[in-house]
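Reckoned from all heavy atoms, side chains included, excluding hydrogens, waters and symmetry mates. A, B, ... follow the sequence lines: proteins, then strands. Residue 1 opens every chain.
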Amino acid sequence: MTRGLIPLLLLATLLLALLSLSTGPVALSPLQGLKALLLGGDGPLPVILRAIRLPRTLLAVMIGGSLGLSGAALQGYLRNPLAEPGVIGISGAAALGAVLAIQTGLAALFALALPLAALGGALIAVLVLLGMSGRRAGSLTLILSGIAISALTGAATSLVLNLSPNPFATSEIVFWMMGSLADRSMSHVWLAAPFMALGLILFLPVGRGLEALTLGEDAAASLGIALPALRLRIVLGTACMVGAGTAVAGSIGFVGLVVPHLLRPLVGARPGRLLWASMLGGAVMVLAADVAVRLILPDRDLKLGVLTALIGAPFFLHLVWATRRERA
Amino acid sequence: MPVSAATARLSRRPVLSRVRLSLLALLLATPVLAADPAPRRVVSMNLCTDQLAMLLAAPGQLVSVSRLAADPRSSAMAQQARSYPQNHGQAEEIWQMRPDLVIAGSYTARATVTLLKRLGVPVLQVQPARSLSDVDKLLRQVGDALGRTAQADTLIADFDTRLAALRAEVRRRPRAAIYQANGYSSGDATLAGEILEAAGFDNVAGPGGGTFLPLEKLVMADPEVLITSVPYPGASRAEEILHHPVVRDIRARSHTTTVLDHDWICGTPHVLEAIAALAETRKALE
């Protein structure tokens with residue numbers, strides 16, 4: 001099972017991406033869709049595929065992958081299965097950064113201000129969380145700090161949007177809290193891609209460190225792992241990935257929680273392998289959720305976070321129960 | 001027909017004729033008046049009733065209009081509205097104006113309306129217009145409530161004449177779509193849909209009322225003319241869809257600068273200006 005896992009997840013990602021390209025208000029067979037996407041041609045179909053469905057599918061893969069990867073990395077570093085960017089407020093802080101960039105007009109001034117501001121918000125949240133909970137994060141401290149950060153950033157986001165002179169801004173609180181990939185364009189893909197690539201590069205070598213860390217900090221240090229460098233990579237990598245994703249699609253919760261949890265037994269509980277399996281698993285989960293929101297309510301923009309929370313929150317409760325039993 | 005001139009005529013009617021009309025209204029409405037005299041202090045608290053009341057009221061009869069009435073983005077009569085004290089639709093401030101009639105929309109400020117009614121203030125609730133024929137009905141309804149039946153008759157006759165003149169022969173009906181924030185569009189059975197129809201366009205949103213038109217469906221329908229809303233200040237994701245490359249392409253191809261502005265919003269004779277502007281767009285396509 002362990003060996004076949006990565007190819008299996010790759011195959012699932014590919015199939016779901018195809019399904020995502022074939023799902024939408026305009027009925028198309030996957031074959032028709034692929035033809036219009038790859039060969040182009042006249043008429044409206046290539047526009048629908050290339051300008052509407054392709055960015056949506058790409059973003060689902062990119063954002064799902066980032067959330068799965070950063071969730072697995074945070075859990076490995078903090079050695080705590082409850083760590084997840086959405087649950088502990090990193091996504092919320094990124095959303096606040098993005099909202100500030102949009103409402104102050106900074107994002108209109110230069111496009112990169114949007115992902116940069118979201119990245120800044122995420123970075124502050126990660127630093128506060130790590131500062132509050134220390135290296136070996138106790139669940140209680142981590143979750144309580146996360147609740148506080150979520151509440152604070154959520155309130156600040158609502159305040160900023162309520163103060164906006166734009167009458168539509170207030171209704172966008174839901175978007176920032178729940179996330180959606182509806183009607184994104186390729187410009188959003190290009191906005192997020194460089195930061196996600198940077199995050200990926202930062203995460204590339206952390207697997208070995210995380211594996212060593214399972215033996216304890218002293219043992220890891222004696223194995224030649226530089227813990228401050230590992231910590232820096234995880235902080236920056238998470239901020240890059242979650243920041244860029246949230247800036248273009250709002251906060252999508254629980255992906256980084258559910259995916260590593262489901263895949264952990266399949267990789268022999270090795271945090272290094274879990275990173276890459278979780279990245280693919282995250283892509284699979286967000287792709288599936290994004291296809292589902294289009295099938296459940298085709299004409300309305302059902303938020304992605306609604307689905308991921310419906311699946312994720314019970315998982316979270318289950319995990320809380322399990323950690324409680326361990327402690328007892 | 002120069003619509004703006006006609007509207008100016010409507011709204012800046014000489015005082016003398018207003019007085020004469022109000023006298024006429026008094027005479028005509030005498031039997032009712034005995035029991036129910038025309039209100040003397042009228043407060044309107046809805047953008048659309050504000051404009052109807054400004055068109056219909058006798059001098060001095062209208063005491064206050066809502067804040068939105070003075071906002072040129074939403075109101076076709078922003079200039080006139082500035083000469084009235086504004087209200088913000090709050091029961092307390094309206095009560096202080098001691099109105100003997102409050103005119104409100106039927107779906108807005110329900111809590112305020114309930115409170116005012118409980119305080120014994122007569123409130124007229126006016127349905128929003130869903131069609132061009134509703135314009136006549138609204139003029140009649142508000143005109144009657146103000147005791148200005150004759151003024152309403154004049155406005156209705158004028159509106160009907162000008163509307164008939166605008167509904168010219170059309171050789172070809174180009175496809176048009178209304179596309180607003182969040183991808184909101186209007187079907188045939190809406191005021192905006194009827195404005196499109198009267199100006200000689202086929203509405204790609206099809207029959208029915210207000211509806212969300214997915215971006216993909218918009219691309220498939222390939223409208224020749226795309227009418228978008230005027231963006232509000234500040235930014236919103238809802239309006240970001242109007243800058244989506246797909247929408248920008250359609251808009252660039254449609255050779256029109258027509259936007260869904262204050263003339264489209266309310267069922268008043270000002271919709272004629274929206275129709276006239278749109279008819280010009282259609283002629284340019286021929």
Do you know which two heavy atoms are closest between [X] and [Y], and how far apart they sit?
X        : Y        : result
B:His244 : A:Asp183 : CD2-O, 3.3 Å
B:Glu216 : A:Thr23  : OE2-O, 4.4 Å
A:Asn166 : B:Glu239 : ND2-OE1, 2.8 Å
B:Lys217 : A:Val26  : N-CG2, 4.1 Å
B:Arg237 : A:Ala247 : NH2-O, 2.9 Å

Open item on the list: Is it the case that atom CZ in B:Arg67 sees more than 12 heavy atoms from other parts of the structure closer than 6.0 Å?
Closed with: no
Open item on the list: Taking CG in A:Leu31 as the centre, count heavy atoms belonging to other residues, nucleotides or ligands within less than 6.0 Å. Is the count above 12?
Closed with: no
Open item on the list: My understanding is that only one of A:Pro167, A:Ser164, A:Pro165 makes a side chain to side chain contact (heavy atoms under 4.5 Å, CB included) with B:Tyr232; could you say which?
Closed with: A:Pro167
Task: Segment of B:Val246 engaging chain A (4.5 angstrom heavy-atom cut-off) - done: side chain
- [ ] Against chain A, label B:Ile241 side chain, backbone, both or neither, depending on which of its atoms sit under 4.5 Å from a heavy atom there.
- [x] side chain
- [ ] Would you give the length of the straight line joining atom CD of B:Glu240 to atom CZ of A:Phe168, rounded to the nearest 0.5 angstrom?
- [x] 13.5 Å
Open item on the list: Which one wins on heavy-atom pair count under 4.5 Å against chain B: A:Met186, A:Arg53, A:His188?
Closed with: A:Arg53
Open item on the list: For the interface with chain A, which of B:Ala238, B:Pro231, B:Ala235, B:Pro245 has the highest count of heavy-atom pairs at distances below 4.5 Å?
Closed with: B:Ala235
TODO: Using non-hydrogen atoms and a 4.5 Å limit, figure out which bit of A:Ser185 sits close to chain B: side chain, backbone, both or neither.
DONE: both
